[in-house]
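Chain A is the first sequence line, chain B the second, and so forth, proteins listed ahead of strands; every chain is numbered from 1.
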Amino acid sequence: MKSPTRTEIMTIVASRLLGDGSTCFVGIGIPSMAANLARLTHAPDVVLIYESGTIGAKPNILPLSIGDGELAETADTVVSTPEIFAYWLQGGRVDVGFLGAAQVDKFANLNSTVIGEYQTPKVRLPGAGGAPEIAALAKDTLIIINHDPRKLVERVDFITSPGYLDGGDARKKAGLKGGPSAVITDLGVLVPEVDSKELIVSQVHAGVTRDQIQEATGWELRFADQVTETEPPTELELTALRQLLERTEASRRQAS
Amino acid sequence: MKSPTRTEIMTIVASRLLGDGSTCFVGIGIPSMAANLARLTHAPDVVLIYESGTIGAKPNILPLSIGDGELAETADTVVSTPEIFAYWLQGGRVDVGFLGAAQVDKFANLNSTVIGEYQTPKVRLPGAGGAPEIAALAKDTLIIINHDPRKLVERVDFITSPGYLDGGDARKKAGLKGGPSAVITDLGVLVPEVDSKELIVSQVHAGVTRDQIQEATGWELRFADQVTETEPPTELELTALRQLLERTEASRRQAS
Amino acid sequence: MSTSSISLAEAIRLHVSDGDSVALEGFTHLIPFAAGHEIIRQRRRDLTLVRLTPDLICDQLIGMGCAKKLVFSWGGHPGVGSLHRFRDAVEKAWPAPLEIDERSHAAMSAAYVAGAAGLPMAVLRGFVGSDLPNHNANIRFIECPFTQEKLAATPAINPDVAIIHAQKADRQGNVLLWGIVGVQKEIALAATRCIVTVEEIVDKLEAPPNACVLPAWTIDAICEVPGGAFPSYAHGYYERDNAAYLAWDAVSKSREQFTAWMDQHVLGTENFAEFRHQLAS
Amino acid sequence: MSTSSISLAEAIRLHVSDGDSVALEGFTHLIPFAAGHEIIRQRRRDLTLVRLTPDLICDQLIGMGCAKKLVFSWGGHPGVGSLHRFRDAVEKAWPAPLEIDERSHAAMSAAYVAGAAGLPMAVLRGFVGSDLPNHNANIRFIECPFTQEKLAATPAINPDVAIIHAQKADRQGNVLLWGIVGVQKEIALAATRCIVTVEEIVDKLEAPPNACVLPAWTIDAICEVPGGAFPSYAHGYYERDNAAYLAWDAVSKSREQFTAWMDQHVLGTENFAEFRHQLAS
């Protein structure tokens with residue numbers, strides 16, 4: 001079996017963090033890949049909720065968009081967009097929000113709006129979508145992002161979606177519960193330190209050095225007292241992930 | 001053909017006031033009878049909306065409750081109770097609200113809450129239901145009530161649903177448009193006077209004297225300059241109404 | 001994530017306690033009568049009953065002394081007139097005083113929506129010109145920050161327990177209802193716990209697209225009670241028993257006759273099936 | 001009360017004017033591409049486009065200079081990345097400056113609900129900790145009069161015109177859609193006028209119970225445009241053309257290539273059927 005790529009490791013590590021039976025509001029892309037991998041491995045009863053209104057979707061292939069027919073056909077129920085946000089997310093029924101972003105900062109705040117100034121952006125990103133309310137209202141948030149010093153930055157250019165804001169009890173003071181419990185990257189896992197809420201490295205993937213991870217991060221990183229090494233992907237995990245991607249590829253080739 | 005009863009005349013007169021193609025939010029009882037009679041005679045394209053969420057109901061028999069299966073089966077669509085009030089009534093899509101009440105007063109305010117004091121009622125009536133918002137938000141309101149001095153009173157014990165409040169521009173000042181355009185009784189029709197908004201008699205049914213109508217009214221009645229006599233029910237109207245009631249009776253006998 | 005079915009008696013024992021607020025919904029359709037009877041049989045007390053149209057089911061619960069408070073918008077006997085037990089409680093405090101929180105259908109259904117949506121209040125164009133706000137502190141007015149219009153606000157309703165009747169559940173516990181769906185989805189999601197009685201449990205739900213479905217993980221107890229909405233109806237299963245409705249007027253008129261009827265038919269039967277059997281004979 | 005069908009060109013001519021606010025909705029599904037193209041062909045100007053996910057359809061309208069403003073919550077190319085024409089307009093004002101009113105999906109969908117429900121604003125638990133309220137006066141905070149909690153408020157959206165694509169209409173003009181229904185019912189009801197393109201017009205709608213149906217009297221124009229959601233999909237009719245979506249990235253990257261493509265395929269065709277035929281060959 002081919003050894004796993006960094007992206008595969010990231011996806012598998014993220015999937016492991018999703019508990020069986022939990023309800024997960026899933027962003028498109030790697031979050032969707034990781035959530036479906038969890039469903040196909042250790043968490044068969046995870047409930048996947050997509051912002052397109054599909055609840056309990058069990059796609060056999062990965063959707064390219066957040067509202068592919070595959071999601072609707074395999075869902076337990078399909079509701080309107082207002083309902084998915086009002087009754088299901090805001091109603092407090094989401095255990096885990098699984099998000100990506102263009103930037104994440106030291107206090108796990110997310111930017112998917114602009115690089116540069118809002119009025120005169122250097123890069124105009126797609127924008128908020130469902131993320132501000134997912135990050136605010138899900139009981140827990142998991143963030144997946146590739147390690148890169150322009151992506152993991154000391155302070156995001158724009159807070160689209162709240163992590164721990166200025167750190168410490170700032171999030172709680174703003175009236176929010178929950179908060180991100182982990183940032184999973186292609187190099188390791190960062191978690192918020194208990195009191196300061198600053199992201200610190202708790203786990204590194206096999207073969208990744210501390211220098212490497214520091215170089216790929218836009219602020220001076222701190223490390224947990226006990227940094228663990230990521231358990232290597234099991235054959236089951238790797239096979240399930242690769243078959244999922246193969247099915248997806250095959251289906252896209254066939255369609256076009 | 002048996003000559004029409006007072007209740008039949010009241011129902012037929014009310015039905016005539018409903019324009020073809022209008023959307024009508026229908027209360028149960030005589031309002032529902034009149035609205036369906038309109039649909040079966042001059043207004044085949046009236047859209048009947050019941051608060052149970054049935055839109056475009058075309059019942060073949062009269063429902064006993066506002067949510068009989070007959071309504072759902074014949075409707076163009078059936079929506080939830082929150083939706084019927086939010087999107088359809090509050091959204092401004094109702095032309096005519098067709099209401100009954102226990103009491104109506106000189107300014108067409110409706111009481112369906114209590115006789116006596118609210119905290120220590122002499123008679124506790126069923127309450128508001130959908131009426132306060134129907135009376136406030138439908139573009140026009142038609143009220144059907146039996147003429148009786150305890151029912152047509154100078155001032156209702158309790159304003160459940162607004163007519164013209166204290167009269168004059170009180171309703172407009174409260175921020176409400178529309179307002180009742182007619183109170184149809186078994187003796188005649190009362191309409192709000194242009195400026196004062198006091199209900200005055202504009203029409204009497206055949207054979208009804210001014211004294212009779214005054215005796216049956218709880219305040220000193222005024223009459224329009226031109227009081228017309230109700231056009232007698234046509235054979236078509238009477239036949240349609242009686243057949244509707246016969247079908248309804250037959251169906252209830254069969255069911256029990 | 002599946003909810004296995006239990007008996008209705010067990011569901012009420014587990015999930016409804018004295019003092020709870022209990023929403024029993026069903027807008028003329030799918031009224032959870034069987035569950036209401038079981039609450040009476042188990043002699044629950046001091047309940048806050050929540051229901052837009054507290055018709056016969058609430059008349060019975062109130063007359064049997066189960067309720068201390070009623071949150072409602074229309075308390076009548078549909079197509080007939082008064083609810084005698086409700087009136088006796090409000091007018092003469094029999095068998096016990098009944099506190100009321102009275103709103104309108106528009107406000108109560110919006111309050112359930114707010115409850116399901118995790119908001120503390122509902123906003124609506126309501127109650128303008130009505131005397132109700134003068135008698136209920138749960139109706140207030142706020143100002144729109146954009147248009148400065150005056151709008152009504154009413155607190156969200158989040159009952160301790162929601163009880164509904166539906167047509168079907170599958171073996172995983174997913175629930176399907178159709179026809180006049182009322183506010184059932186909203187109260188199921190607004191409540192802390194949710195009990196669903198169903199006409200039948202099936203292998204596959206076969207819900208049409210965008211039907212009103214409650215996933216198993218939103219429900220705490222599923223009970224198979226065929227005919228559990230009698231004398232109301234279950235679309236696709238049986239019709240409203242109008243005769244039984246009409247008969248209630250006479251049964252409920254006097255305290256004595258009401259009590260005798262309830263003693264014989266509800267307290268004197270083991271469950272809803274026996275009640276229906278006894279009533280039919 | 002029936003709405004007879006007309007051509008899409010006629011519907012756009014009658015109901016979409018320069019300067020209008022136009023909501024084109026469809027959440028990844030049933031996106032009204034044919035109608036978007038017709039707006040481009042008729043060279044409408046100064047439109048305020050309203051759409052949660054202004055993907056390819058808005059990229060085309062913006063790049064062709066039809067829009068002066070965009071109300072939106074996510075402007076990306078789903079599963080691919082950037083919308084190049086949208087970015088070019090925001091970053092470099094090409095072909096014209098583009099004003100933006102940016103909210104979130106939760107806020108925009110609630111704003112449509114408020115619009116459909118005749119309320120001036122929507123209330124939600126939103127935007128806490130986000131920088132968006134600092135840049136958009138259409139996001140404010142109010143206080144709950146019952147709990148004193150801080151809640152976000154955003155103005156209702158009531159577009160001049162709503163345009164949606166649905167699976168079916170019957171000959172009376174009643175419309176049925178199913179699958180991922182997005183915010184279509186809400187915008188149809190929130191807008192002053194509503195245009196619906198459909199896959200087919202049938203004798204009988206045969207809507208399942210509680211399906212998403214828009215009665216004929218809520219709709220101003222119905223146009224039969226088979227395939228009118230291409231390259232998005234119509235559940236039960238055809239699938240999403242992922243290849244066409246992926247190809248858009250290259251087509252839209254440069255102003256020149258974009259303009260040439262639009263000239264040839266959209267301005268250079270009479271209608272959507274011809275566009276699809278040309279593209280296929």
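Contact annotation for B/Pro126: both backbone and side-chain heavy atoms come within less than 4.5 Å of a heavy atom of chain C. In this structure, chain B has a heavy atom under 4.5 Å from the side chain of C/Val113, while its backbone stays farther away. Residue C/Ala110: no heavy atom, backbone or side chain, is found under 4.5 Å from chain B. With a 4.5 angstrom heavy-atom cutoff, C/Leu124 touches chain B via backbone and side-chain atoms both. The contact between B/Thr54 and chain C is made entirely by side chain atoms (from C-beta outward), counting heavy-atom distances below 4.5 Å. Looking at C/Tyr233, the atoms closer than 4.5 Å to chain B (heavy atoms on both sides) all sit in the side chain, from C-beta outward. Residue B/Val156: no heavy atom, backbone or side chain, is found under 4.5 Å from chain C. Heavy atoms of B/Ala174 lying under 4.5 Å from chain C belong to its backbone as well as its side chain. Looking at C/Phe72, only its side chain comes within 4.5 Å of chain B, counting heavy atoms on both sides. Residue C/Leu83: no heavy atom, backbone or side chain, is found under 4.5 Å from chain B. If you measure heavy-atom distances from B/Leu110 to chain C, you find no contacts under 4.5 Å at all.
Side-chain atoms of C/Trp248 and C/Asp55 include no donor-acceptor pair closer than 3.5 Å. In this structure, a donor-acceptor pair under 3.5 Å is present between the side chains of B/Arg247 and B/Asn60. Side chain to side chain, C/Gln278 and C/His265 meet the donor-acceptor criterion of an N or O pair below 3.5 Å.
Remark: B/Thr11 OG1 to B/Ile144 CD1 distance equals 6.5 Å, nearest 0.5 Å.
When side chains are defined from C-beta on, B/Asn111 does not count as touching B/Asp105, because their heavy atoms never get closer than 4.5 Å. Two residues are said to be in side-chain contact when any heavy atoms from C-beta on lie closer than 4.5 Å; C/Gln60 and C/Trp261 meet this criterion. Taking 4.5 Å as the limit, some side-chain heavy atom of B/Val123 sits within range of a side-chain heavy atom of C/Glu91. By the 4.5 Å heavy-atom criterion applied to side chains, C/Tyr112 and C/Leu189 are not counted as neighbours.
Interface remark: of the candidates C/Arg125, C/Glu186, C/Gln184, C/Arg125 forms the most heavy-atom pairs closer than 4.5 Å to chain B. Chain C forms more heavy-atom pairs under 4.5 Å with one residue of B/Lys122, B/Glu51, B/Gln119, B/Arg171 than with any other, namely B/Glu51. Ranked by heavy-atom pairs under 4.5 Å with chain C, the first of B/Ser52, B/Ala131, B/Gly130 is B/Ser52. Among B/Glu83, B/Glu73, B/Glu70, B/Gln90, the residue with the largest count of heavy-atom pairs under 4.5 Å with chain C is B/Gln90. Put simply, of B/Thr120, B/Leu125, B/Leu137, B/Ile84, the one with the most heavy-atom pairs under 4.5 Å next to chain C is B/Leu137. Put simply, of C/Ala107, C/Gly236, C/Gly129, the one with the most heavy-atom pairs under 4.5 Å next to chain B is C/Gly129. Top candidate by heavy-atom pairs under 4.5 Å with chain C, chosen from B/Pro162, B/Ser161, B/Pro82, is B/Pro82. Interface check for chain B: of the options C/His235, C/His135, C/Arg87, the most heavy-atom pairs under 4.5 Å are formed by C/His135. Chain C forms the most heavy-atom pairs under 4.5 Å with one residue out of B/Leu64, B/Val78, B/Ile28, and that residue is B/Leu64. Of the residues considered (C/Pro78, C/Gly79, C/Gly76, C/Ser130), C/Ser130 shows the highest number of contacts with chain B, using heavy-atom pairs under 4.5 Å. Ranked by heavy-atom pairs under 4.5 Å with chain B, the list C/Gly75, C/Gly81, C/Gly126 is led by C/Gly75.
Residues C/Ala188 and C/Cys194 approach most closely at CB-SG, 3.7 Å, considering heavy atoms.
Partners of B/Thr77 according to the side chain to side chain contact (heavy atoms under 4.5 Å, CB included) rule, which considers only residues two or more places apart in sequence or in another chain, are B/Ile55, B/Val79, D/Val213, D/Pro215.
Proximity of the aromatic rings of B/Phe158 and B/Tyr118 is defined here by a centroid distance below 6.0 angstrom, and this criterion is met. The aromatic ring centres of C/His84 and C/Phe258 sit 6.0 Å or more apart.
Between B/Asp166 and the options B/Lys197, B/Lys172, B/Lys106, B/Arg155, a salt bridge (Lys or Arg N to Asp or Glu O under 4.0 Å) holds for only B/Arg155.
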